[in-house]
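Take a look at the structure set out below.
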Amino acid sequence: MSVNGKRRPLGAAAVGLGALGAGELLAAARGGSMLDGIGRLAADYAPVRVVETMVARAGEHDKETTRLGVALGGIAAAAGIALLPPRLRTPAAAAFGAGVASAALRNANRSVPGAVGGVAAAALLRTGLRRSGGAGSEMRWAAAGIGMLVAAELLVRRADLRYREVARRVGPMGAHVPVPEDGIGVERGLSPLITTTSKFYVADVNSRPPRIDPTQWRLSIGGRVAHHLRLSLADLAEQAVEFDAVMVCVHNTVGSGRCGNARWFGVPLTALLEHAVPESGATRLVTRAVDGYTISLPLEPLRTGEWPGYLVIGMNGEPLPPEHGFPARVFVPGIYGQYSGAKWITELELADDTHVDYWWKRGWPAEPLWVRPQARIDVATCGASGSGKFTVAGVAWAPPHGVARVEIRLDDTEWLPVELGSELAPAAWRRWRTIVDLPPGVHTIQARVTSRSGEVQDAVERPPFPFGPGGLHTVTVIA
Ligand SMILES: Nc1nc2c(c(=O)[nH]1)N[C@H]1C(S)=C(S)[C@@H](COP(=O)(O)O)O[C@H]1N2
Ligand SMILES: [Mo]
């Protein structure tokens, strides 16, 4: 309703919703998204404290949370503009459009449609504020906005599914060797030895993965090298080998699921670096991705193989799925995901120490953080009810050295060794299991792992920022 050019906040929000929906639908029809661009802008500039709180609260729903937050923020901004005096609305709407468009332009390879959507949303907002009036018309704006947002989401999902098929058809990547038994057997709730790809955690700064045409894609190896190389997926597949390793996000606090164990398929970085021949001034290997993200690693230990890194092109016998970095990523087992190489990689650039990484600007340390050994309790269940016999089982990792021992502790008493499954590879996770007898009552069970290099899991609880999480996974059961 507009009285003397003034609007009620709800009516203004309705017009904002309509404009936003139209912009997003326009973007989606051409394979892009305006909201995803704003989400990425937020990820790029949010202070580290905000990022840490968000990751801790939203957990593995961080992407959905970001999208929802962005949509609500967009509606609020549009409503704010509508509530301005009429003469300020045009410049405010123009600034809004420019802001959304420039945010969209940063969004990897989905940018232009998002920018077009942003400009259209701003124009529509301006028109809508001039024309609409009355509660009925506002209801129509709101309903149309919601409808268009839903339609846009469906369109983007459909295009993403189609792209997923394009990526999958590049395969197979790896030998499909059946995963060996580890002797632990089947236990309800216990993680499998190899994490199913569709259940593998996803962590990155984008709302949705960028789309890359595998036939056009080339890995470029450049910067301070004697031989610039450009390699296709087929070139890389010829030199790739399979290896088993756990990948862990630095935000994987005890007991959480931001880690997974996979059979990867990749080319050892030692081989690629040998072909490229680094120049004497090269000290860092910068992994550069299409989403503008970089992770850099010290060159020397990668060149010599002291840190065995890989240019990975496959996961569990298939090409990498889009969300895990299709067509290629860098991975150095034993280093947290945030430090061990970019997904959606386009270039390996050999650089000097002047390079600055994505996260360094927000206070994360420059040197790679190594994964701290961690044991997770997946299962703590009573066999027959009232028997007091509990099966306790889980996974533990200590890459790259391997797991030497896992122990559990009941009610803060002494540490007891548990049975370990056989080891797939030192960098992979290892399953464990034991049976304990518990008297009636409430009990706590804790687990800890010791690495083969002698590092005992640190019991001090610590947040992920800035050196990686610490603490012991603790569960409470009633016998
Ligand atoms: N290009 C790019 N690569 C990235 C990231 C990113 O945001 N962009 N996130 C990193 C982080 S923090 C982690 S934990 C791993 C997660 O890999 P996954 O999603 O396959 O589990 O990717 C890393 N590589
Ligand atoms: Mo991460």
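Every number for a ligand or one of its atoms is a count from 1 in the order of the listing.
Environment of NE2 in His61: sparse, with no more than 12 heavy atoms of neighbouring residues, nucleotides or ligands closer than 6.0 Å. More than 12 heavy atoms of other shown residues, nucleotides or ligands fall within 6.0 angstrom of atom CD in Glu165. More than 12 heavy-atom neighbours from other residues, nucleotides or ligands sit within 6.0 angstrom of CD on Glu64.
Heavy atoms from both the backbone and the side chain of Cys249 come within less than 4.0 Å of ligand 1. At a heavy-atom cutoff of 4.0 Å, ligand 1 is contacted by the side chain of Phe200 but not by its backbone. Proximity of Asp291 to ligand 1, defined as any heavy-atom pair under 4.0 Å, is confined to the side chain (atoms from C-beta onward).
The shortest separation from a heavy atom of Arg258 to ligand 1 is not under 4.0 Å, leaving the residue out of contact. The shortest separation from a heavy atom of Ser340 to ligand 1 is not under 4.0 Å, leaving the residue out of contact.
When hydrogens are left out, the protein atom nearest atom 9 (N) of ligand 1 is Ala203 O, 3.4 Å; that is the closest non-hydrogen contact. When only non-hydrogen protein atoms are considered, atom 14 (S) of ligand 1 lies nearest to Tyr201 OH, 3.3 Å. The nearest heavy-atom contact from the protein to atom 13 (C) of ligand 1 is Gly337 C, 3.6 Å. Scanning the protein heavy atoms around atom 19 (O) of ligand 1, the nearest turns out to be Lys343 NZ, 2.5 Å.
In terms of heavy-atom proximity, Val248 sits nearest to Val246 at CG2-CG2, 4.0 Å.
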Quiz: residues 393-407 side-chain donor-acceptor pairs under 3.5 angstrom, not counting sequence neighbours:
residue : atom : partner : partner atom : Å
Glu407  : OE1  : Arg448  : NE           : 2.8
Glu407  : OE1  : Arg448  : NH2          : 3.2

